[in-house]
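The structure under discussion appears below in the form of structure tokens.
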Amino acid sequence: MLKTFKQQSLALELLKRHARISIVHKETGIPKALLRNTYRDLHGRSSRPGAVKYSTQGLTRTIKKYKEVTLFAVCFEKVASKSRENDIRKAISAFDIYKKSYPASQLDFSAAWVIARDLLQAITKIIKCHHCGAAILTNARENMIERCEVCKSICKENLL
């Protein structure tokens, strides 16, 4: 009974943040039809159709989006280093912190989930700029030289 309650409460938290139904289903195991109905009850409309972006690279097509993704990644890394919660709870906490610090951001929870997943799987990672110390998200852009967006220096890791 407690397991069911935890799944349902997690699903509600994710749906409140407008997470894609496929993500909520994957994280909770609750049937998609029930999740769709619950989303409609919570928000008064159906959830957005379409596929989830499958990589951080798909979320960083512009410099502005790259900076937003990097800021979320920094928030997630900080939460992950200080929390013993499971990964999805870390993503929720990091997303809430991110949205409080940058409410005008266009980054939604589903994108944040993809970024967190890529960080956890070490597909992307955060390093510090060797020149100014700013955060650089590596492997986040296709066919791009990793460059600090603050001082514009090239990432040393790319030169190795």
Sidechain N-carboxylate O distance under 4.0 Å for Glu77, Lys125: no

Spacing of CZ belonging to Phe95 relative to CD1 belonging to Ile88, to within rounding of 0.5 Å: 11.0 Å

From Leu137 atom CG to Thr124 atom OG1, the distance as rounded to the nearest 0.5 Å: 5.0 Å

Lys152 NZ: over 12 foreign heavy atoms closer than 6.0 Å: yes

Point-to-point distance, once rounded to the nearest 0.5 Å, from CD of Gln8 to OG1 of Thr38: 8.5 Å

Side chain proximity check, Thr70 to Ile136, heavy atoms < 4.5 angstrom: no

Nearest heavy-atom neighbours spanning Leu59 and Ala111: CD1-O, 3.7 Å

Hydrophobic cluster membership, Leu35 vs Leu42, 4.5 Å side-chain cutoff: yes

Ile23 with Leu12, same ILVMFWY side-chain cluster at under 4.5 Å: yes

Side chain proximity check, Tyr39 to Val24, heavy atoms < 4.5 angstrom: no

Lys16 to His43 - nearest heavy-atom pair and separation: O-CE1, 3.8 Å

Leu14 and Ile92, any side-chain heavy atoms less than 4.5 Å apart: yes

Salt-bridge contact Arg20-Asp108 (side-chain N to carboxylate O under 4.0 Å): no

Hydrophobic cluster membership, Leu34 vs Leu10, 4.5 Å side-chain cutoff: yes

Full working for side-chain contact (heavy atoms from CB on, under 4.5 Å) between Leu15 and Ile21: CA-CA 8 Å; Leu15 291 174; Ile21 300 300; 3.9 Å; yes

Separation between NZ of Lys32 and CD1 of Ile30, rounded to the nearest 0.5 Å: 13.5 Å

Pairwise side-chain contact, Asp96 with Arg17, heavy-atom cut-off 4.5 Å (strictly under): yes

Distance-minimising heavy-atom pair for Ala112 and Phe72: O-CE2, 3.3 Å

Shared hydrophobic cluster, Ile97 / Phe109 (ILVMFWY, side-chain heavy atoms < 4.5 Å): no

Donor-acceptor contact present, side-chain Ser105 to main-chain Tyr102, <3.5 Å: no

Residues which pass side-chain hydrogen bond (donor to acceptor under 3.5 Å, both in side chains) with Glu27, listed by chain and number, not counting sequence neighbours: Trp113

Heavy-atom neighbours of Lys6 NZ exceed 12 at 6.0 Å: no

Distance-only side-chain donor-acceptor flag, Asn86 / Arg89, under 3.5 Å: no

Which atom of Cys148 lies closest to which atom of Cys151, heavy atoms considered: SG-N, 3.4 Å

Side chain to side chain, Ser55 and Ile123, heavy atoms closer than 4.5 Å: no

Arg36 vs Ser46 side-chain heavy atoms within contact, under 4.5 Å: no

Within-4.5 Å side-chain heavy-atom neighbours: Phe76 and Ile115: no

Exercise: identify the closest heavy-atom pair between Ala116 and Ala91: CB-CB, 4.2 Å

Reported CG-to-CG distance for the pair Asn139 and Asp118, which is rounded to 0.5 angstrom: 9.5 Å

Transitive ILVMFWY side-chain link Leu120 to Val79, under 4.5 Å: no

Glu85/Ser93 under side-chain contact (heavy atoms from CB on, under 4.5 Å): CA gap, chis, key distance, verdict: CA-CA 10 Å; Glu85 295 181 317; Ser93 296; 3.7 Å; yes

4.5 Å side-chain heavy-atom contact, Lys65 and Gln106: no

Contact summary for Ala80 and Lys90, nearest pair of heavy atoms: CA-CD, 3.8 Å

Arg48 CZ to Ser110 OG distance, which is reported to the nearest 0.5 Å: 6.5 Å

Derivation and outcome, side-chain contact (heavy atoms from CB on, under 4.5 Å), residues Leu71 and Lys67: CA-CA 6 Å; Leu71 178 58; Lys67 288 178 180 179; over 6 Å; no

